[in-house]
Amino acid sequence: MRRGMIVGFLLVMLSGCSMVERFVDANNHDDYNDRERLVVDMMTNEIVTANEQQRLSVQVTADYIPVVDAEHVGIRIWPVLAGEEEADEYELFHHTMGVYETEVEVSREGLYYAEAVVEINDQKLRPKKYFAVGRLYQEEVLLLMENGSEESGNEDHSAHH
């Protein structure tokens, strides 16, 4: 009896999923999604030397329109080989047209992670990317190769919501 109830329940659940798939698909997804499309672009290309204050910028857009009033824009930076527990945290301030900036300093050459922390209304985004400062250690180059990201040194990786 119990097994029959479980099988019946599963059949109802599976048929419900297929009904939803018939109504919501790639062609009408936006009809059922009322949230803005948020994009966070981290610009780390000005961080080129260790032990020196350098500008880091983050651009935030909602449906391609600059966000000038984000509740919070911050960034965490840490050497990939050291681990996230060694992250330095920075608050970014609105500069112009959805671009938020701060001055950062990295302690040594090598491969770093940058993780933006952006809060807008009830949404929280945390995109992460690699960036390189100076020369890389052999372990860092191998890590990039293993992840298939050899060319991601200073490319921007956006977070889409």
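- Listed by chain and residue number, Ile47, Val48, Thr49, Glu52 satisfy the side chain to side chain contact (heavy atoms under 4.5 Å, CB included) test with Gln54 (two or more places apart in sequence, or in another chain).
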Only pairs under 3.5 Å count here: list side-chain donor-acceptor contacts from residues 65-76, not counting sequence neighbours, and write none if there are none.
from, atom 1, to, atom 2, distance (Å)
Glu71, OE2, Asn121, N, 2.9
His72, ND1, Glu91, OE2, 3.3
Arg76, NH1, Glu84, OE2, 2.7
Arg76, NH1, Glu115, OE1, 2.8
Arg76, NH2, Glu84, OE2, 3.4

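- Clustering ILVMFWY residues whenever any of their side-chain heavy atoms sit less than 4.5 angstrom apart, transitively, puts Val58 in the very cluster that holds Leu125.
- Tyr113 has its ring centre less than 6.0 Å from the ring centre of Tyr130.
- Put simply, Met145 and Val80 are part of the same group of oily side chains (I, L, V, M, F, W, Y) that touch within less than 4.5 Å, one to the next.
- With sequence neighbours excluded, the residues satisfying side chain to side chain contact (heavy atoms under 4.5 Å, CB included) with Asp63 are Glu36, Arg37.
- Between Val60 and Leu38 there is no side-chain heavy-atom pair separated by less than 4.5 Å.
- Between Val104 and the options Leu56, Leu92, Asp88, a side-chain contact (heavy atoms from CB on, under 4.5 Å) holds for only Leu56.
- Shown here are the salt bridge (Lys or Arg N to Asp or Glu O under 4.0 Å) partners of Glu105, two or more places apart in sequence or in another chain: there are none.
- The line from OH of Tyr100 to CE of Met97 is 11.5 Å long, rounded to the nearest 0.5 Å.
- Taken to the nearest 0.5 Å, the CG atom of Leu81 stands 5.5 Å off from the CZ atom of Arg108.
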Table please: side-chain donor-acceptor pairs of residues 131-141 below 3.5 Å, with sequence neighbours left out.
from, atom 1, to, atom 2, distance (Å)
Glu140, OE1, Leu111, N, 3.3
Glu140, OE1, Tyr137, N, 2.8
Glu140, OE2, Leu111, N, 3.0

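- Residues passing the ring-ring contact (aromatic ring centres under 6.0 Å, His included) test with His95, sequence neighbours excluded: none.
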